[in-house]
Amino acid sequence: MKRLQRLMTGLAMILCLQMQAQTSQDAKMNAFITTLMKKMTLEEKLGQLNLPGAGDITTGQASNSDIAKKIKEGKVGGLFNIKSVAKIRDVQKVAVENSRLKIPLIFGMDVIHGYQTVFPIPLGLSCTWDMPLIEKSARIAATEASADGICWTFSPMVDIARDPRWGRIAEGSGEDAYLGSQIAKAMVKGYQGDDLKKNNTIMACVKHYALYGAAEAGRDYNTTDMSHVRMYNEYFPPYKAAVDAGVGSVMASFNEVDGVPATANKWLMTDVLRNQWKFKGFVVTDYTGINEMIDHGIGDLQTVTARALNAGIDMDMVGEGMLTTLAKSLKEGKVTMQQIDMACRRVLEAKYKLGLFEDPYRYCDENRAATEIFTDANRKAAREIAAQSFVLLKNDNKILPLKKGGTIALIGPLADAKENMPGTWSVAADFSKSISLLSGLKEVAGNDAKILYAKGSNLDADSIFEVNAGMFGKALGRDSRPAAEILKEALAVANQADVIVAALGESAEMTGESSSRTNIEIPAIQKELLQALLKTGKPVVLVLFTGRPLALKWEQENVPSILNVWFGGSEAGSAIADVLFGDVNPSGKLSTTFPQNVGQVPIFYNHKNTGRPLQEGKWFSKFRSNYLDVSNDPVYPFGFGLSYTNFTYSDIKLSSASLKGAQTLKASVTVTNSGSRDGKEVVQLYIRDLVGSITRPVKELKGFQKIELKAGESRTVTFNITPEDLKFYNYDLKYDWESGDFTIMIGGNSRDVKSADIKWVK
Ligand code: NOJ
């Protein structure tokens, strides 16, 4: 007891010292910025709020560019998506040598899932359910980006998304607030490390605040509208988790919230973000987010800009409304000097925290650029991480893993498509260096297997669709021959093989920004190819590329083996081959529900029960909540993913079935690897609050553990549950738990769970 007391006192002292050090650092920063701001003119202050795109500055010409003129006049606070140390150094030089106050610029970039070493798209990454791995991917991304001059990334994107029509579902971590929050924390930690001043850490920017993933009908940039209870319980947690993890900046979303665009929404930006969540960093708009409010219909540029500042926005991306209208608004009393000062201070604070005032060239080290980017070690990590993100959806007759022998026919428009492997938002990737599935298979199989290849079909029958889905250097090289001829060639190749690997699905730019779809199936022409391949009677493995949950009912019913590989990054081809040949046993678990068809959307595991739930085991009953034409079931539930081995779960053992107050409930299961291969399993904990003051979801993820078991090995997995895990925002938005009955569920996905009931009172 005494030892515990001494330990507690010691910890309290360390905490106290840390707080004192932080306060004195803050005081130093405040004094520095106050002194600087005293020297600044109004125009120079507004300049700090201005974040133009870099345009196409070429190395050595920075001082003559249009942007340089503005920088010299103190009209630029930072630049984004400018790449390379040489260019960044050139531009920074203009700021710190030729502007009156020599204030350094901040350099941002969309470093979304890796820099030049590209990791799986975020939706894929989330399927690893592996926080250390996700943190590592962000750490490597930060190291590479900072070695190339970047000190600020527009990531993580944490928008909860339940609508696979929305193309940007690819950029987030799926449908669940708990999983999304863990990932938000891991990413912020990975980017920012423990000290933003280090030259290999960068400032994160959590986006898109808020609710962007709930765009109506899945159409990008569309309106969102939801209850505050839903916002707080189901959509806000990942943004808040990023704030709690110390994220340095926040990006406003394009959509409206409660009828006011987020960029002008004072409740969102000030009441919630700053007052309730105590966010201390700065808020940047999204690209022309201020100007777009003219089209939203809430005023002219001067009006909407003043509204943005009044709401709590600090920096204006691209649109220059702040630079050009705020002086007038100040004169007319529409904004105050205090508000402008506050925004300017927050931007300067970010630069201070990054150490840019001490050394504006902190991130401009040519040596680092030459040695720390796309290294063998980083590529190795990307390959390992990619393999963890793949989700085995079906594997009848154990077709997978493939033998490294015989003849394998690799067929499909995504088979030899290295430019597409990094996926959407890979602005720093060098596509010539990424690994296609064809070369990955050849590399991993070595001389042991013969790999044949044919394209089989174009991405889509419609060439215009294909152009739109092949942007940013990711075209698939359309084959101009008649479709029948391309197919015939593929069947001739397939007929020579022992097994067929069909590389089908979406191209990289079929998801991402402005890539919404109303049809979420594999394009028809590819499905025809798949049907023809199945008709050969040979075993067929579908290697599915996608950035969204697709409707795969037919595939699930007809294709024996399906491996979903998302877009795995620069090393995707090798990683897929590692899994196909069994060098890595797949362990990814879905972070989104896969529907039967688009009509079921939005479909998500943590829905409410309704007053007329469908009885278990039935798929239609008159006057119940269901459809006439399909059951309520998804094709693959949230949390689902197979392995080359099998895991069995014991019943749940509880430390008590009746609890009172702040106790800890221990809920355990024994998981056994009952197959013949070593493997990893994500053991998932769900809780249902059976009776509440407001309606509660049928289950909610509350914990998970990723474990590794040798063939035949068993392990007891225990979850420690406290009242903290039972809390939710009630009708009055008070965050608390309520006494009552709960069901504890543990399993390998959200559908197949063991359950046990408890009572827990205050
Ligand atoms: C618009 C996108 O919505 C946002 O995610 C991105 O960071 C900015 N453009 C900057 O490229």
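Note that these values count all heavy atoms, side chains included, but never hydrogens, waters or copies made by symmetry. Counting convention: from 1, in listed order, for ligands and their atoms alike. Keep in mind the model is a prediction, meaning the values are calculated, not measured.
With a heavy-atom cut-off of 4.0 Å, His208 touches ligand 1 through its side chain alone. Neither the backbone nor the side chain of Met109 comes within contact range of ligand 1; no heavy atom lies under 4.0 Å. Residue Tyr212 does not touch ligand 1, judged by heavy-atom distances below 4.0 Å.
Those atoms of ligand 1 that come under 4.0 Å of a heavy atom in Phe80, given as number and element, are 10 (C), 11 (O). Within ligand 1, the atoms closer than 4.0 Å to a non-hydrogen atom of Phe154 are 7 (O), numbered from 1 in the order shown. Near Lys207, with a cut-off below 4.0 Å to any heavy atom, the atoms of ligand 1 are 4 (C), 5 (O), 6 (C), 7 (O). Residue-ligand proximity, Trp425 to ligand 1, at heavy-atom distances under 4.0 Å covers atoms 11 (O).
For the pair Lys45 and Asp314, the salt-bridge criterion is not met [side-chain N within less than 4.0 Å of a carboxylate O]. Salt bridge annotation for Asp225-Arg230: absent, with no cationic side-chain nitrogen under 4.0 angstrom from a carboxylate oxygen.
Atom OH of Tyr287 has 12 or fewer heavy atoms from other residues, nucleotides or ligands within 6.0 Å. Within a 6.0 Å sphere centred on CZ of Arg219, heavy atoms belonging to other residues, nucleotides or ligands number 12 at most. Residue Met226 places its CE atom among more than 12 non-hydrogen atoms of other residues, nucleotides or ligands, all under 6.0 Å distant.
Taking any N or O of Tyr287, backbone or side chain, none lies under 3.5 Å from an N or O belonging to ligand 1. An N or O contact shorter than 3.5 Å is missing between Glu171 and ligand 1 by distance.
In this structure, the protein non-hydrogen atom closest to atom 1 (C) of ligand 1 is Asp286 OD1, 2.9 Å. Of the protein's non-hydrogen atoms, Asp110 OD2, 3.2 Å is the one closest to atom 10 (C) of ligand 1.
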Indicate every side-chain donor-acceptor pair of residues 290-297 with a distance under 3.5 Å to a residue at least two apart or in another chain.
unit_1	atom_1	unit_2	atom_2	d
Asn291	ND2	Gly319	O	3.3
Glu292	OE2	Thr288	OG1	2.6
His296	NE2	Phe254	O	3.1

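To the nearest 0.5 angstrom, Thr201 atom OG1 is 5.0 Å from Tyr363 atom OH.
A donor atom on one side chain and an acceptor atom on the other are found under 3.5 Å apart for Ser591 and Ser126.
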